[in-house]
Amino acid sequence: DIQMTQSPASLSASVGETVTITCGASENIYGALNWYQRKQGKSPQLLIYGATNLADGMSSRFSGSGSGRQYSLKISSLHPDDVATYYCQNVLITPWTFGGGTKLEIK
Amino acid sequence: EVKLVESGGGLVQPGGSLRLSCATSGFTFTDYYMSWVRQPPGKALEWLGFIRNKANGYTTEYSASVKGRFTISRDNSQSILYLQMNTLRAEDSATYYCARDISGSSTWYFDVWGAGTTVTVSS
């Protein structure tokens, strides 16, 4: 199975800041990488697919980048509504595997 | 509006069985792969498996952690997805989600998720 490792596990930042979450795969996943946002008490919501494509309806403050084994999610101009846990997901080969999550809080 | 609504969760003893349902609406059910994903308390998301669409013969694929114990099926006449869980263990305690798969030539993702149903395995 492809292992996905996210960092940091938790993150605290101020409104207006830019933050970056990283996700590493145990092998090259050729951009087959998604990001999901999960707010407290809600189900996960697709944020980025194919490493760089913003999902419909999601804010352009979110952007994804990366290739090979290393990927990043950048959140610009942090809003209070961005408080959530963010997960990356490998979709190159089944089993689809998720990272351990990054919990984002506002200072 | 696309909707997925899970049901069937609850408290079950170790070794017991449970069947979860995912009622769907708002889309042509047979056109889509459908997945089950779970999240144990305080832990990460875990994909359990999927069932393919009509074009791909409704075949299934599972993660190693549940293969042989869990079975995914679908009632295409009623647009309902099922997860039959047998020989349940304490580590199967989790919130279980159904999700719709979007699969393309170079992409795959879950575009819609249900709200989840909670399963607790305990004596």
Side-chain angles (χ1 to χ4, degrees), chain A residues 1-10 21 23-25 28-58 62 64 67 71 73 84-103, chain B residues 1-7 9 20 22 24 32-52 56 59-68 70 72 94-118:
Chain A
D1 298 359
I2 296 175
Q3 307 303 316
M4 306 300 291
T5 304
Q6 277 183 246
S7 64
S10 63
I21 298 167
C23 179
N28 189 340
I29 58 171
Y30 302 96
L33 187 285
N34 302 325
W35 291 97
Y36 296 89
Q37 176 192 61
R38 185 173 182 221
K39 296 184 178 180
Q40 186 70 30
K42 303 270 190 177
S43 52
Q45 186 172 10
L46 178 69
L47 187 54
I48 300 284
Y49 64 94
T52 61
N53 302 288
L54 186 67
D56 289 345
M58 303 308 285
F62 294 93
S67 61
Y71 298 86
L73 172 69
T85 301
Y86 295 84
Y87 295 93
C88 61
Q89 179 199 23
N90 141 60
V91 287
L92 178 67
I93 305 170
T94 57
W96 309 144
T97 46
F98 291 89
T102 297
K103 187 174 183 179
Chain B
E1 180 192 7
V2 174
K3 290 182 74 174
L4 308 177
V5 180
E6 301 93 339
S7 61
L20 306 183
C22 171
T24 76
Y32 291 86
Y33 286 48
M34 297 293 297
S35 281
W36 285 97
V37 178
R38 70 182 177 187
Q39 186 164 33
K43 295 190 176 182
L45 296 163
E46 180 188 9
W47 175 79
L48 303 179
F50 63 50
I51 186 164
R52 294 179 173 88
N56 290 280
T59 52
T60 54
E61 202 165 316
Y62 300 94
S63 70
S65 64
V66 303
K67 191 173 185 178
F70 289 13
I72 299 173
T95 298
Y96 284 73
Y97 299 96
C98 59
R100 187 176 76 167
D101 292 58
I102 298 296
S103 55
S105 58
S106 60
T107 188
W108 196 298
Y109 52 86
F110 303 143
D111 72 328
V112 181
W113 298 63
T117 187
T118 301

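Residue numbers begin at 1 in each chain, while the letters A, B, ... track the order of the sequences.
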Trainee: Under a 4.5 Å cutoff for heavy-atom pairs, which residue among Gly100(A), Pro44(A), Gly31(A) has the most contacts with chain B?
Mentor: Pro44(A)

Trainee: Please flag which part of Val37(B) lies under 4.5 Å from any non-hydrogen atom of chain A: side chain, backbone, both or neither.
Mentor: side chain

Trainee: To the nearest 0.5 Å, how far apart are CG in Leu20(B) and OG1 in Thr117(B)?
Mentor: 6.0 Å

Trainee: Could you work out, with ring pair (Phe, Tyr, Trp, His ring centres under 6.0 Å) as the rule, every residue matching Tyr109(B), not counting sequence neighbours?
Mentor: Tyr49(A)

Trainee: Checking Tyr62(B) against chain A: side chain, backbone, both or neither under 4.5 Å from a heavy atom?
Mentor: neither

Trainee: Lys39(A): what forms a side chain to side chain contact (heavy atoms under 4.5 Å, CB included) with it, not counting sequence neighbours?
Mentor: Gln37(A), Lys42(A), Asp81(A), Ala84(A)

Trainee: Measure distances from Tyr97(B) to the heavy atoms of chain A and classify the residue's part below 4.5 Å as side chain, backbone, both or neither.
Mentor: side chain

Trainee: If I measure from the heavy atoms of chain B, does Tyr30(A) come under 4.5 Å with its side chain, its backbone, both, or neither?
Mentor: neither

Trainee: Pick whichever of Gly41(A), Pro95(A), Ala55(A) has the most heavy-atom pairs under 4.5 Å with chain B.
Mentor: Pro95(A)

Trainee: Side chain from CB out, backbone as N, CA, C, O: work out which of these in Gln89(A) comes under 4.5 Å of a heavy atom of chain B, or both, or neither.
Mentor: side chain

Trainee: So for Gln39(B), is it side chain, backbone, both, or neither that comes closer than 4.5 Å to the heavy atoms of chain A?
Mentor: side chain

Trainee: Strictly distance-based, threshold 3.5 Å: is any side-chain N or O of Asp101(B) a donor or acceptor partner for the main-chain N or O of Ser103(B)?
Mentor: no

Trainee: Shortest non-hydrogen contact from Leu33(A) to Asn90(A)?
Mentor: CD2-N, 4.5 Å

Trainee: Could you verify whether a donor N or O on one side chain and an acceptor N or O on the other, from Thr85(A) and Arg38(A), lie under 3.5 Å apart?
Mentor: no

